[in-house]
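One is the number of the first residue; the rest follow in order along the sequence. Because the structure is predicted, anything quoted here is derived from the model rather than measured. Worth knowing before you read on, the calculation uses all heavy atoms, side chains too, and leaves out hydrogens, waters and symmetry mates.
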Amino acid sequence: MRILFFGLPAGVSAVALRGLLDDGRDVAGVVLPADAVPHLLVDTAPVARLEPPAVAGGLSLSLNEPAGLLELAWARGLPVLAVRAFDSPDAMATLTELSPDAAVVACFTRRISAAVLALPRFGFLNLHPSLLPLYRGPQPLFWQLHDGARTGATVHYLDEGLDTGDIAAQAAVDLPDGVSGPEAEQRLALAGLGLLRGVLDDLAAG
């Protein structure tokens, strides 16, 4: 199953991508919103392929070295696309050429249009760090901790709403007292990754 990955350069996107790659899954490429990487763009094209910086000796990561999304994708030889206008003919053609069976989203700041959502035959699966339908939208972890609410992770299908698609898998995640924000994000991301693996395996098995 070919997977197209949507994420951000910073945050927990790399946790999910690295998990999929370590599983040996076929990741067709990585998609970023262009406004997340303006310093890497040289023009205003609707879609641009980002190339790794020229580094003496090449780009390499040790197995235990933390890496951002871009470094991880480049180290694994994946095409990295920055998209400004998802519905543009160029962007649609570029995404279609990657022939994804499914798309995975882990932290993404742009709404994805119905035309793009329809490209993979198994749709888009989003990792969300809450027990949906509770705490939809941005910054769900902050608001769960603020409210003293039960925390968890959900994998759901994307639709044109905001975290309103059908739930594919879900689990509560207990966070220890005094956990830091980054550690809490990491724990929820890993829980979501575990759920995602099961959903992808089920889809592949029919």
Nearest heavy-atom approach of Ala34 to Ala82 is CA-CB, 4.1 Å

Quick check on the hydrophobic clustering: are Val30 and Val104 connected, directly or via other members, by side-chain heavy-atom contacts under 4.5 Å? yes

Output for pair (Leu20 CG, Phe5 CZ), nearest 0.5 Å, gives 6.5 Å

- Task: Let me see the working for Gln144 and Thr151 under side chain to side chain donor-acceptor pair (under 3.5 Å), right down to the final yes or no.
- Result: CA-CA 6 Å; Gln144 288 168 92; Thr151 50; 5.2 Å; no

Any salt bridge linking Asp201 with Arg25? Criterion: basic side-chain nitrogen under 4.0 Å from a carboxylate oxygen. yes

ask   = So, Ser13 side chain and Leu69 main chain: donor-acceptor pair closer than 3.5 Å or not?
value = no

d(Glu183 CD, Leu188 CG) to nearest 0.5 Å is 10.5 Å

| said: Using only atom types and a distance under 3.5 Å, with no angle test, would you say the side chain of Asp163 pairs donor to acceptor with the backbone of Gly137? | reply: yes

Does a side-chain N-to-carboxylate-O contact under 4.0 Å join Arg2 and Asp101? no

Margin query: A quick test of your reading: do over 12 heavy atoms of other residues, nucleotides or ligands sit less than 6.0 Å from CG of Asp43?
Written below: yes

Do Val27 and Leu200 land in one hydrophobic cluster if side-chain heavy atoms of ILVMFWY residues count as linked below 4.5 Å? yes

Exercise. Are Leu70 and Val37 side-chain neighbours, meaning at least one heavy-atom pair lies under 4.5 Å?
Worked result: yes

Mark yes when over 12 heavy atoms from residues, nucleotides or ligands other than Asp22 sit less than 6.0 Å from its CG; otherwise mark no. yes

Treat each ILVMFWY residue as a node, draw an edge where side-chain heavy atoms are under 4.5 Å apart, and state whether Val12 and Leu8 are in one component. no

Applying side chain to side chain donor-acceptor pair (under 3.5 Å) to Tyr135 and Asp147, what does each step give before you reach the verdict? CA-CA 10 Å; Tyr135 297 96; Asp147 296 344; 2.8 Å; yes

Whether Arg84 side chain and Pro33 backbone form a donor-acceptor pair below 3.5 Å: no

Between His128 and Ser130, does the side chain to side chain donor-acceptor pair (under 3.5 Å) criterion hold? Intermediate values first, please. CA-CA 6 Å; His128 188 80; Ser130 82; 3.3 Å; yes

Here the gap from Arg111 atom CZ to Leu158 atom CG, rounded to the nearest 0.5 Å, amounts to 10.0 Å

Item to complete: Please lay out, stage by stage, how Leu72 and Leu21 fare under the test side-chain contact (heavy atoms from CB on, under 4.5 Å).
Response: CA-CA 10 Å; Leu72 178 58; Leu21 292 171; 4.2 Å; yes

Minimal heavy-atom distance between Val31 and Leu95, with the atoms involved, is CG2-CD2, 3.9 Å

With a 4.0 Å cut-off, would you call Glu51 and Arg49 a salt bridge? yes

Taking every heavy atom of Ala102 against every heavy atom of Met1, the minimum-distance pair comes out as CB-SD, 4.0 Å

Between the CD1 atom in Ile112 and the CG atom in Asp159, the distance rounded to the nearest 0.5 Å is 11.0 Å

Inset, instruction - Show your working on side-chain contact (heavy atoms from CB on, under 4.5 Å) between Val83 and Leu32 and close with a plain yes or no. - result: CA-CA 6 Å; Val83 181; Leu32 305 167; over 6 Å; no

What one should report as the nearest heavy-atom pair of Ala28 and Pro79 is O-CG, 3.2 Å

- Query: Would you call Trp74 and Leu50 a side-chain contact if the rule is heavy atoms closer than 4.5 Å?
  - Reply: yes

On a heavy-atom basis, the closest approach of Ala73 and Val80 is CB-CG2, 3.6 Å

inquiry  = Under 4.5 Å between side-chain heavy atoms, counting indirect links through other Ile/Leu/Val/Met/Phe/Trp/Tyr residues: same cluster for Val105 and Val116 or not?
reply    = yes

Using the rule that Ile, Leu, Val, Met, Phe, Trp and Tyr join whenever any side-chain heavy atoms are under 4.5 Å apart, tell me whether Phe6 and Tyr157 fall into a single cluster. no

Point to revise | Short side-chain to backbone donor-acceptor contact, Thr154 and Gln170, under 3.5 Å | key: no

When rounded to the nearest 0.5 Å, the distance separating CG of Leu196 from CG of Leu190 is 12.0 Å

What one should report as the nearest heavy-atom pair of Val173 and Ala153 is CG2-N, 4.2 Å

Trace of the side-chain contact (heavy atoms from CB on, under 4.5 Å) decision for Thr164 with Leu132: CA-CA 8 Å; Thr164 56; Leu132 291 175; over 6 Å; no

Between the CG atom in Asp23 and the CZ atom in Arg197, the distance rounded to the nearest 0.5 Å is 4.0 Å

Working note: Leu98 + Leu81, criterion side-chain contact (heavy atoms from CB on, under 4.5 Å); need CA distance, chi angles, decisive distance, verdict. CA-CA 11 Å; Leu98 293 172; Leu81 304 174; 3.9 Å; yes

